[in-house]
A.B. asks: 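Before I ask anything, here is the structure I am working with.
Side-chain atoms are counted along with the backbone in the values below, which use heavy atoms only and exclude waters and symmetry mates.
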Amino acid sequence: MGAWNRHALLGGAGDPGAPSRDVVLVSAIITISLSVTIVLCGICQWCQRKLGKRYKTSLETVGTPDSSRGRSEKKTIKVPAGGKAVNTAPVPGQPQQQDESDRKTEPRSSVSDLVNSLTSEMLMLSPGSEDDEGHDSSSRENLGRIQFSVGYNFQESTLTVKIMKAQELPAKDFSGTSDPFVKIYLLPDKKHKLETKVKRKNLNPHWNETFLFEGFPYEKVVQRVLYLQVLDYDRFSRNDPIGEVSIPLNKVDLTQMQTFWKDLKPCSDGSGSRGELLLSLCYNPSANSIVVNIIKARNLKAMDIGGTSDPYVKVWLMYKDKRVEKKKTVVMKRCLNPVFNESFAFDIPTERLRETTIVITVMDKDRLSRNDVIGKIYLSWKSGPGEVKHWKDMIARPRQAVAQWHQLKA
């Protein structure tokens, strides 16, 4: 108001009453403008509707349960007195309906709306929130759980194992889902096994398949350990282990069928000791780009005969299961704790961010044969808990390099 007073004094020096009229006129104009703005805002309520829609937008689900639970199917292993199992042809059961996975992405009105929506949803699921409590309250990754039943028929000397279903399995494929199946062993025998059918693109599969171990004396059954391994089927490479469950049969009342829910644990076949990789992600929404910085690795698995490896890192940009662009670091000779410090920029339009996956693969360079895979990391909106956390932090902190250690997986 000091500026207005000075202007009034200069312009109306000859009229003592002029300054007060100007001040009153300006105040009245400001008051009327504010009143009109408040009234219009109350009538419009565009902000409330926009925010309400944004916070009601549900997060896109990963995977879809089986469209039908299917019919029970039996498979048999006959165990002769010598203890060796012989596979016999399975008895065909009723055909099961095909699995369905229908995921729809809500269309966005503009690029800016997508950025705002992604940022708000990421912040709503930031570490410590209710939805993310299970992921960050424990350092152990959630691998899902499996339901099965087991019992023994004393008259027929037959052990029955029924694989029923699994829930909340982690995504192993680029598309944010998995193709799970189960292997059944009676340890210590790992030579003979039975398998369920593969459930395509399903993180909550229903199998309802029954397996019979016939001609198996009870005194030998109680010396075995029932071992279930859940894997993700891969047509072009080795199947990826998801998790395992083991239960000593001498601790189970086998006189009747007992049903169990068991949490899956990391597989103990060496897949958990592949090493770790430190990398950072930097998202620039104005430039529509993500910069991936491969910093360093530690405790990498030795792949060569001499007890070492020649590691390098491949970075693939994937969009809807299709490879878009590849970058790779230099090879570090004979090193299990390499330091790379190499950065790679990828152009990613904002509207494609939801369907984008960055695949990090640590390789062992071999001059005479095919290069070996040491371990992989899948970074996306729909990966495992640790990877999703890194992706969320990247979106929530644009133009900042967000670094995180990742456990390499098979």
Side-chain angles (χ1 to χ4, degrees), residues 65-97 99 142-169 180-199 202-231 233 241-265 267-268:
D66 252 344
S67 58
S68 67
R69 303 197 175 192
R71 301 296 183 112
S72 176
E73 181 173 330
K74 293 185 178 181
K75 298 182 181 179
T76 306
I77 278 188
K78 291 183 178 180
V79 183
K84 293 184 178 179
V86 179
N87 286 322
T88 62
V91 178
Q94 297 292 333
Q96 292 183 338
Q97 297 183 10
D99 297 328
N142 178 27
L143 301 176
R145 57 179 188 157
I146 186 170
Q147 185 185 42
F148 61 96
S149 60
V150 60
Y152 187 78
N153 188 322
F154 287 88
Q155 293 181 351
E156 300 178 1
S157 297
T158 299
L159 178 71
T160 301
V161 178
K162 184 176 182 180
I163 306 299
M164 303 166 76
K165 59 184 176 181
Q167 291 180 350
E168 301 176 356
L169 297 181
F181 70 100
V182 184
K183 289 184 179 181
I184 302 101
Y185 299 88
L186 290 180
L187 300 181
D189 179 18
K190 295 199 73 172
K191 183 178 180 181
H192 303 97
K193 66 180 183 296
L194 290 172
E195 298 180 0
T196 68
K197 291 184 177 181
V198 176
K199 293 296 182 179
N202 203 320
L203 301 181
N204 298 280
H206 290 78
W207 288 286
N208 289 323
E209 296 185 41
T210 301
F211 303 87
L212 304 178
F213 295 84
E214 296 180 338
F216 211 154
Y218 180 76
E219 57 271 16
K220 290 188 177 181
V221 169
V222 294
Q223 297 175 3
R224 299 299 182 94
V225 175
L226 177 62
Y227 174 77
L228 308 178
Q229 185 181 38
V230 183
L231 300 102
Y233 174 76
I242 295 178
E244 67 181 14
V245 167
S246 59
I247 178 171
L249 294 179
N250 61 0
K251 297 183 179 180
V252 180
D253 181 10
L254 298 175
T255 58
Q256 55 184 352
M257 293 295 290
Q258 302 283 339
T259 301
F260 300 90
W261 270 111
K262 292 288 186 180
D263 292 332
L264 293 173
K265 299 179 180 179
C267 293
S268 57

A.B. asks: For the residue pair Leu143 and Leu264, what are the closest heavy atoms and their distance?
C.D. replies: O-CD1, 3.4 Å

A.B. asks: Judged by atom type as modelled, is there a donor-acceptor pair below 3.5 Å linking the side chain of Glu195 to the main-chain atoms of Phe181?
C.D. replies: no

A.B. asks: Please report the shortest heavy-atom distance between Glu209 and Lys197, naming the atom on each side.
C.D. replies: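 Taking Glu209 first and Lys197 second, the nearest heavy atoms are OE2-N, 2.9 Å.
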
A.B. asks: Report yes if some heavy atom in the side chain of Leu249 is under 4.5 Å from a heavy atom in the side chain of Leu186; otherwise report no.
C.D. replies: yes

A.B. asks: Decide yes or no for Arg224 and Pro188: does some side-chain heavy atom of the first lie under 4.5 Å from some side-chain heavy atom of the second?
C.D. replies: yes

A.B. asks: Go through it in stages, so that I can follow the logic: the residues are Asp189 and Tyr185, the test is side chain to side chain contact (heavy atoms under 4.5 Å, CB included), and I'd like the CA-CA distance, side-chain angles, deciding distance and then a yes or no.
C.D. replies: CA-CA 7 Å; Asp189 179 18; Tyr185 299 88; over 6 Å; no

A.B. asks: Is there a side-chain contact between Phe148 and Val182 in this structure, where contact means two heavy atoms from C-beta onward sitting under 4.5 Å apart?
C.D. replies: no

A.B. asks: Between Ser149 and Met257, is there a donor-acceptor pair closer than 3.5 Å when you use the side chain of the first and the backbone of the second?
C.D. replies: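 Looks like no, no N/O pair under 3.5 Å.
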
A.B. asks: What distance separates Gln256 CD from Leu254 CG, expressed to the nearest 0.5 Å?
C.D. replies: 10.5 Å

A.B. asks: Could you label the plane-to-plane angle of the Tyr152 and Phe154 rings as parallel, tilted or perpendicular, counting under 30° as parallel and over 60° as perpendicular?
C.D. replies: perpendicular

A.B. asks: About how many Å separate CD of Gln167 and NE2 of His206, when rounded to the nearest 0.5 Å?
C.D. replies: 7.0 Å

A.B. asks: For Gly215 versus Thr158, what's the shortest heavy-atom pair and its separation?
C.D. replies: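 Distance-wise, the nearest heavy atoms are N-OG1, 4.3 Å.
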
A.B. asks: Could you tell me whether the side chain of Ile184 reaches within less than 4.5 Å of the side chain of Phe213, counting heavy atoms only?
C.D. replies: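 Result yes, sub-4.5 Å side-chain heavy-atom pair found.
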
A.B. asks: Please name the pair of heavy atoms, one in Leu169 and one in Pro205, separated by the smallest distance, quoted to 0.1 Å.
C.D. replies: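 Scanning both residues completely, I find the closest heavy atoms to be CD1-CD, 3.8 Å.
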
A.B. asks: Determine whether Asn208 and Lys162 satisfy the following criterion, side chain to side chain contact (heavy atoms under 4.5 Å, CB included), listing intermediate values before the conclusion.
C.D. replies: CA-CA 7 Å; Asn208 289 323; Lys162 184 176 182 180; 4.3 Å; yes

A.B. asks: Rounded to the nearest 0.5 Å, what's the gap from CG on Leu231 to OG1 on Thr196? Could you check?
C.D. replies: 9.5 Å

A.B. asks: Evaluate Ile163 against Ile146 for side chain to side chain contact (heavy atoms under 4.5 Å, CB included), listing each step before the verdict.
C.D. replies: CA-CA 8 Å; Ile163 306 299; Ile146 186 170; 4.3 Å; yes

A.B. asks: Looking only at heavy atoms, which two atoms of Val225 and Ser246 are closest? And how far apart?
C.D. replies: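 For Val225 versus Ser246, the nearest heavy atoms are CG1-CB, 4.0 Å.
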
A.B. asks: Quick check for you: to the nearest 0.5 Å, what is the distance between Phe211 atom CZ and Leu159 atom CG?
C.D. replies: 12.5 Å

A.B. asks: Name all residues meeting the side chain to side chain contact (heavy atoms under 4.5 Å, CB included) criterion together with Gln147; count only those two or more places apart in sequence or in a different chain, and write none if there are none.
C.D. replies: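 For Gln147 the side chain to side chain contact (heavy atoms under 4.5 Å, CB included) partners, ignoring immediate neighbours, are Met164, Lys165, Thr259, Trp261.
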
A.B. asks: Tell me the closest heavy-atom pair linking Glu168 and Asn204, and the distance in Å.
C.D. replies: N-OD1, 2.9 Å

